[in-house]
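Worksheet: the structure to be examined is printed underneath.
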Protein chains: 2
Amino acid sequence: MNVQFKKGILELCVLVLLDKKDCYGYELVQRISSKIEISDGSIYPLLRRLTKADYFTTYFQESKEGPARKYYALTEKGKKHLHQQMQEWKEFSKAVNELIEEGIDDE
Amino acid sequence: MNVQFKKGILELCVLVLLDKKDCYGYELVQRISSKIEISDGSIYPLLRRLTKADYFTTYFQESKEGPARKYYALTEKGKKHLHQQMQEWKEFSKAVNELIEEGIDDE
DNA sequence: ATATGGTACTGTTCATTACAAGGTACCTAT
DNA sequence: ATAGGTACCTTGTAATGAACAGTACCATAT
């Protein structure tokens, strides 16, 4: 899939999933990559960046299936950011679709 | 608007508009920027890149309102590329919207 | 003639971000 | 102990749009 389309979207995807419930990094990779092809090397730097921006807090939790998992939890600031990003995505995809229709139909 | 979202999309926008009719660069800037904020400095390098990839042919035409305009015309190769890009955009935006809904609703 | 403003196009430099590839380490089962 | 899957992290690279600056053309007003 077109790499460039993904720019900036990964952030939105992570925020959206964490809004539902806390997740660990590997889990996010699996859930997102079921819809959009991504590699874990893309997620971890992103998580670090957004944690640094105070959008997440993190905590470790034991696991029976492997090493301890680092969970990410959305902060209030993160939620605000999510809503903003979501809004921008909606406006953006609407604008693109309008341009596509314009290209097909009218002058 | 989110700068990163635009990555890769500009190409699709240009292709879509040129599929309808030949346009000159400045015209493309105006039509696209009516929906999505872009600068002319983003379009011209793109046009050059896609021309080099044989997606367009170009020709000059006189204008009464200024210097001669360079029109861009989609080639067959360009049309194929457009359809492919369009398909990818649809799949991509669908996938993102599904993830968003997943984040809001179910497990 | 010359100055101004709008039109058209061309670079150059920079920041952002996804990816590939590699590495570390843990846990369970054999 | 060894293997395989799970989980996390780091580094370097490539792609691409933005910002900024610059060239040049044309019509009109001064």
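In what follows, every chain begins at residue 1, and chains take the letters A, B, ... in the order their sequences are listed. All of these numbers come straight from a predicted model, not from anything done at the bench.
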What is the distance from CD1 of A:I9 to P of C:dT17, rounded to the nearest Å?
12 Å

C:dA18 P sits how many Å from B:N2 CG, rounded?
10 Å

Please check this pair: side chain of B:T75 against backbone of B:D54, looking for a donor-acceptor N/O pair closer than 3.5 Å.
yes

Can any side-chain N or O of A:D19 pair as donor or acceptor with the backbone N or O of A:L15 at less than 3.5 Å?
no

Looking only at side-chain atoms of B:Y24, point me to the closest of C:dC9, C:dA18, C:dT10.
C:dC9

So, are A:E65 and A:R69 salt-bridged, with charged N and O less than 4.0 Å apart?
yes

Tell me, for nucleotides 19-30 of chain C in 5' to 3' order, what letter each nucleotide earns: B for a base near a protein heavy atom under 4.0 Å, S for only sugar-phosphate near one, - for neither?
BBB----BSS--

At what distance, to the nearest 0.5 angstrom, does CD1 of B:I100 lie from CD1 of A:I9?
7.5 Å

Name the orientation class of the two ring planes belonging to A:Y71 and A:Y24 (parallel below 30°, tilted from 30 to 60°, perpendicular beyond 60°).
perpendicular

Over how many whole Å does the gap from B:I43 atom CD1 to D:dT16 atom P extend?
14 Å

Whole-Å distance separating the CZ atom of A:R69 from the C1' atom of D:dG5:
12 Å

Would you mind reading off the distance between B:R48 atom CZ and D:dT16 atom P, rounded to a whole angstrom?
14 Å

A:N2 and B:W89 side chains, donor-acceptor separation under 3.5 Å:
no

Quickly work out the B:Y44 OH to C:dT13 P distance and round it to whole Å.
21 Å

Whole-Å distance, B:L28 CG to C:dT10 C1', equals 16 Å

For the side chain of B:K6 and the backbone of B:I36, is there at least one donor-acceptor N/O pair under 3.5 Å apart?
no

Using a heavy-atom cut-off of under 4.0 Å over every strand shown, decide if A:R49 touches base, sugar-phosphate, or nothing.
sugar-phosphate

Starting at the 5' end of DNA chain D, which residue's closest nucleotide do you reach first, A:Q4 or A:Q30?
A:Q30

Take the protein atom CD of A:Q85 and the nucleotide atom P of C:dT16, then report the distance between them rounded to whole Å.
14 Å

Could you check whether A:K70 gets within reach of a base, just the sugar-phosphate, or nothing at all, counting any heavy atom under 4.0 Å?
sugar-phosphate

